[in-house]
Amino acid sequence: MPRLTIAFGIALVALGVGTYLGTGRASVTALIPAFFGIGLALSGALALRENWRKHAMHAAAAIGLLGALGSLSRAIPGLDLSEPLRLATASQLAMGVGLLVFLVLCVRSFIQARKVQAAG
C-alpha cells in the first residue's frame with residue numbers, strides 16, 4: 001500500500017501542475033491537488049519503513065479523506081450541465097473521485113491488516 005500511496009500522490013501532483021498550466025497560471029489554487037499529492041507521497045515514503053507504516057498510512061487516509069471532502073464539496077455545486085465542464089471543476093472532480101478510490105483501498109487494507117493481526 002505504501003507504493004500505491006506514492007503513486008496516487010504523484011498522480012495528484014501531475015493533476016495539479018497540469019491544471020495550473022492548463023488554466024494559464026491564473027491562480028495558485030489550481031495547485032491544490034499537487035499539495036495533497038505531496039502529502040500523500042510523503043506519507044507513502046514514510047510508510048515504506050515498517051516501524052512508521054501504521055501511522056503514516058493512517059495519516060495518508062486522513063489526507064485522502066480531507067482532500068475528497070474538500071474537492072467534492074466544491075466541485076458538485078459547481079457543476080452546471082447546461083454549460084461545458086470547466087477545467088477547474090473537472091480537476092476537482094478528478095481529485096475527489098481519485099481520493100475516494102484511494103480511501104476505499106485504504107479501508108480494505110486496514111481491514112486486511114486487522115485480520116492478519118488477529119489470526120497471527
Side-chain angles (χ1 to χ4, degrees):
M1 193 68 191
R3 293 185 199 292
L4 187 62
T5 302
I6 294 169
F8 268 93
I10 291 169
L12 284 175
V13 169
L15 176 65
V17 171
T19 303
Y20 181 68
L21 296 174
T23 57
R25 301 178 188 163
S27 177
V28 177
T29 59
L31 290 170
I32 289 173
F35 300 142
F36 278 89
I38 291 169
L40 281 183
L42 288 175
S43 295
L46 286 174
L48 291 172
R49 297 185 61 183
E50 186 65 38
N51 58 332
W52 282 84
R53 181 163 298 146
K54 182 177 178 180
H55 298 298
M57 288 310 302
H58 281 88
I63 291 167
L65 178 62
L66 291 173
L69 292 175
S71 61
L72 291 175
S73 70
R74 299 278 305 174
I76 292 172
L79 284 176
D80 185 359
L81 300 178
S82 65
E83 295 182 16
L85 187 62
R86 293 180 27 233
L87 180 59
T89 305
S91 175
Q92 291 168 346
L93 284 171
M95 177 178 165
V97 170
L99 287 174
L100 283 177
V101 169
F102 175 73
L103 278 173
V104 168
L105 294 172
C106 282
V107 170
R108 288 180 60 200
S109 174
F110 294 161
I111 291 170
Q112 186 65 29
R114 293 274 183 193
K115 287 181 181 178
V116 168
Q117 186 179 30

Problem set entry | From L46 atom CG to H55 atom NE2, the distance as rounded to the nearest 0.5 Å | 11.5 Å
For this session: Please answer whether the main-chain N or O of L69 pairs with a side-chain N or O of S73 as donor and acceptor at a distance below 3.5 Å.
Result: yes
Exercise. If you take all heavy atoms of L40 and G64, which pair is closest and at what distance?
Worked result: CD2-N, 4.5 Å
For this session: Could you list all the ring-ring contact (aromatic ring centres under 6.0 Å, His included) pairs where at least one residue sits in residues 95-120, not counting sequence neighbours?
Result: F8-F102, H58-F110
Exercise. Just how far is it from atom CD of Q92 to atom CZ of R86, taken to the nearest 0.5 Å?
Worked result: 7.5 Å
Exercise. Nearest 0.5 Å, what's the CG-CD1 distance between L93 and I76?
Worked result: 7.0 Å
Seminar exercise, completed: CG (L85) and CG (L79) are apart, to the nearest 0.5 Å, by 6.5 Å
Exercise. Is T19 reaching over with its side chain to a backbone N or O of L15, donor-acceptor style, under 3.5 angstrom?
Worked result: yes
For this session: Search all heavy atoms of A30 against all heavy atoms of T23 and return the closest pair with its distance.
Result: CB-OG1, 4.1 Å
For this session: Mind listing the closest non-hydrogen atom pair of A59 and S43 along with its distance?
Result: CB-OG, 4.2 Å
For this session: Tell me, yes or no, whether the heavy-atom count around R53 atom CZ, taken from other residues, nucleotides or ligands under 6.0 Å, exceeds 12.
Result: yes
Seminar exercise, completed: Rounded to the nearest 0.5 Å, the CZ atom of R3 sits from the CG atom of L48 at a distance of 5.5 Å
Exercise. Any link between I63 and V101 through a network of hydrophobic side chains (Ile, Leu, Val, Met, Phe, Trp, Tyr) touching at under 4.5 Å?
Worked result: yes
Exercise. Minimum heavy-atom separation for L103 to A68, with atom names?
Worked result: CD1-CB, 4.4 Å
For this session: Assess whether side chain to side chain contact (heavy atoms under 4.5 Å, CB included) is satisfied between I111 and R114, documenting all intermediate values.
Result: CA-CA 5 Å; I111 291 170; R114 293 274 183 193; 5.8 Å; no
For this session: Would you give the length of the straight line joining atom CD1 of I32 to atom CG of L12, rounded to the nearest 0.5 angstrom?
Result: 12.0 Å
For this session: Is it possible for you to say whether L21 and I10 belong to one hydrophobic cluster, with membership spreading through side-chain heavy-atom contacts below 4.5 Å?
Result: no
For this session: Could you list all the ring-ring contact (aromatic ring centres under 6.0 Å, His included) pairs where at least one residue sits in residues 17-45, not counting sequence neighbours?
Result: none
Exercise. Checking S91 side chain against L87 main chain: does a donor-acceptor pair fall under 3.5 Å?
Worked result: no
Seminar exercise, completed: Smallest heavy-atom separation, A47 atom then M57 atom, equals CB-SD, 3.7 Å
Exercise. If two hydrophobic side chains count as joined below 4.5 Å and joins carry through other members, does I38 share a cluster with V28?
Worked result: yes
Problem set entry | Full working for side chain to side chain contact (heavy atoms under 4.5 Å, CB included) between L72 and L99 | CA-CA 10 Å; L72 291 175; L99 287 174; over 6 Å; no
